[in-house]
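Scroll down for the structure; my scribbles are underneath it.
Quantities reported herein were computed from a predicted structural model and do not represent experimental measurements. One-based numbering, in listed order, for ligands and for the atoms of each. When reading the values below, keep in mind they use all heavy atoms of this one structure, side chains included, and skip hydrogens, waters and symmetry mates.
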Amino acid sequence: MRGASPPHPPPGGEAAANGFYGAYGGRYVPETLVPALDELEEGWNDIRDDPGFRLELEQLQATYVGRPTPLYRTERLGGDRTIYLKREDLCHTGAHKINNAVGQALVARRLGKKRIVAETGAGQHGVASATVCARFGLECVVYMGSEDMERQKPNVERMHLLGAEVRAVEFGTRTLKEATSEAIRDWITNVETTHYMIGSCVGPHPYPELVRELQSVIGREAREQMLAAESRLPEAVVACVGGGSNAIGLFAGFLEDADVRLVGVEAAGAASLGSGRAGVLHGARSSLLADEDGQIADAHSISAGLDYPGVGPEHAFLRDTGRAEYRAATDEEALGAFHLLAEREGIIPALEPAHALARALDLDAELILVGLSGRGDKDLATVLGR
Ligand SMILES: *Cc1c(COP(=O)(O)O)cnc(C)c1O
């Protein structure tokens with residue numbers, strides 16, 4: 001475990017040198033993982049500003065991921081409000097997860113790691129990991145709760161086609177929390193050969209910062225596109241929050257624009273920020289769903305991607321400082337927004353960003369930007385009740 005928190009982290013959302021955002025973040029891990037986290041941090045610091053790395057990442061973003069993704073002005077959705085969507089649903093593999101996976105594959109290659117372990121909930125990060133492992137010739141093992149394997153069968157089949165091994169996790173709630181614990185256990189055992197490709201801005205330092213940096217391309221593009229389209233910034237930027245990576249990536253573009261409201265939307269049954277308390281989960285201190293004894297409580301959401309009792313430490317910090325606000329949306333509200341977007345705009349969203357849409361539709365603002373983090377193909381069985 002690492003030192004005390006500094007009073008203020010540096011501006012721009014980077015963690016302080018010891019990995020804390022205010023009181024949140026850090027490294028709460030067994031000693032065996034500390035050298036691997038140091039190695040990752042050094043490797044990342046070496047290449048993040050390396051022109052060769054930047055060029056290769058930008059080329060992959062342009063030719064493989066499909067960036068920049070469009071900014072779309074909705075036609076019939078908003079009523080009196082003007083709502084723009086940042087279309088991460090049009091990324092290769094159908095969600096923003098690939099932005100992070102491509103970047104981490106480059107880091108793993110630089111570190112000489114030939115084997116990747118990953119956790120997945122809805123399967124989108126598992127698919128993104130399996131995809132980049134195929135592209136880079138890396139061995140890929142994905143841990144997934146057996147409950148989620150049932151809920152998200154098409155993504156399990158995709159991972160198999162991409163050459164990944166999917167290992168079922170059979171304990172606890174058999175969802176993302178347990179899958180993450182298993183992936184970390186595997187990493188501890190195989191740390192010499194293996195890179196842990198974490199799927200959100202959670203986990204021990206430097207992961208929250210690394211994932212945020214790789215997802216911040218969403219916010220950089222969106223800010224430029226918004227200025228080009230409207231000659232002004234949005235009044236509010238809204239994104240769904242599971243672990244928080246698509247939200248922090250979008251917020252990153254607007255963090256220093258004090259007039260722009262940042263609104264994160266959690267699932268009502270997994271509101272780690274709205275109804276959580278400070279504690280440690282999966283290697284970092286953050287805001288968690290837990291009882292008074294610190295026992296982690298089970299999260300519940302119709303959307304497997306939001307079904308996680310923790311959240312990235314930077315979000316807990318932004319909540320406490322008041323820079324961002326966090327709301328909740330129920331399963332029913334998300335389903336309502338899901339159908340509305342399909343019927344009014346011809347876009348079938350993933351259930352996760354449907355939570356963000358639901359809150360955007362009753363927000364007291366006129367010009368709103370919503371992060372559409374993924375597409376709904378994976379959720380058809382859930383929505384249709386099959
Ligand atoms: C995984 C996922 C999320 C939740 O993860 P974050 O790290 O909070 O972004 C949201 N939307 C989609 C489409 C996802 O696949």
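Of the polar atoms of H96, at least one N or O is found under 3.5 Å from an N or O of ligand 1, judged by distance alone. For a threshold of 3.5 Å applied to N or O pairs, the pair formed by V241 and ligand 1 contains no separation below that value. Residue Q124 places no N or O, backbone or side chain, under 3.5 Å from any N or O of ligand 1. For ligand 1, none of its N or O atoms has an N or O atom of P353 under 3.5 Å away.
R151 and D379 are not joined by a salt bridge, as no carboxylate oxygen comes within less than 4.0 angstrom of a charged side-chain nitrogen. Checked for salt-bridge contact, E56 and R109 meet the test: a charged N lies under 4.0 Å from a carboxylate O. The pair R212-E209 does not count as a salt bridge, with every side-chain nitrogen at least 4.0 angstrom from each carboxylate oxygen. Note on R174 versus E150: no salt bridge recorded, every NZ/NE/NH1/NH2 to OD/OE distance being 4.0 Å or above. Between R27 and D38, at least one side-chain N (NZ, or NE/NH1/NH2) sits under 4.0 Å from a carboxylate O, which counts as a salt bridge.
The shortest heavy-atom distance from C240 to ligand 1 is under 4.0 Å. In this structure, A247 has no heavy atom closer than 4.0 Å to ligand 1.
Of the protein's non-hydrogen atoms, S373 OG, 2.7 Å is the one closest to atom 11 (N) of ligand 1. Scanning all protein heavy atoms for the shortest distance to atom 2 (C) of ligand 1 gives K97 NZ, 2.4 Å. Atom 6 (P) of ligand 1 has as its closest protein heavy atom S245 N, 3.3 Å. For atom 4 (C) of ligand 1, the nearest protein heavy atom (residue, atom name, distance) is G305 O, 3.5 Å.
Taking the six-membered ring where the residue is Trp, Y207 and H195 present tilted rings, their angle falling between 30° and 60°. Between W187 and Y196, the ring planes are tilted. Angles from 30° to 60° get that label.
The atoms of ligand 1 that sit less than 4.0 Å from any heavy atom of G374 are 13 (C). The G242 neighbourhood of ligand 1 comprises atoms 8 (O), with distances under 4.0 Å to a heavy atom of that residue. Annotation for ligand 1: atoms under 4.0 Å from non-hydrogen atoms of S200 are 6 (P), 7 (O).
Side-chain contact check for T131 and H92: no donor-acceptor pair (N or O, by modelled atom type) lies under 3.5 Å.
Summarising the local packing, CG of D291 is surrounded by more than 12 heavy atoms from other residues, nucleotides or ligands at distances under 6.0 Å.
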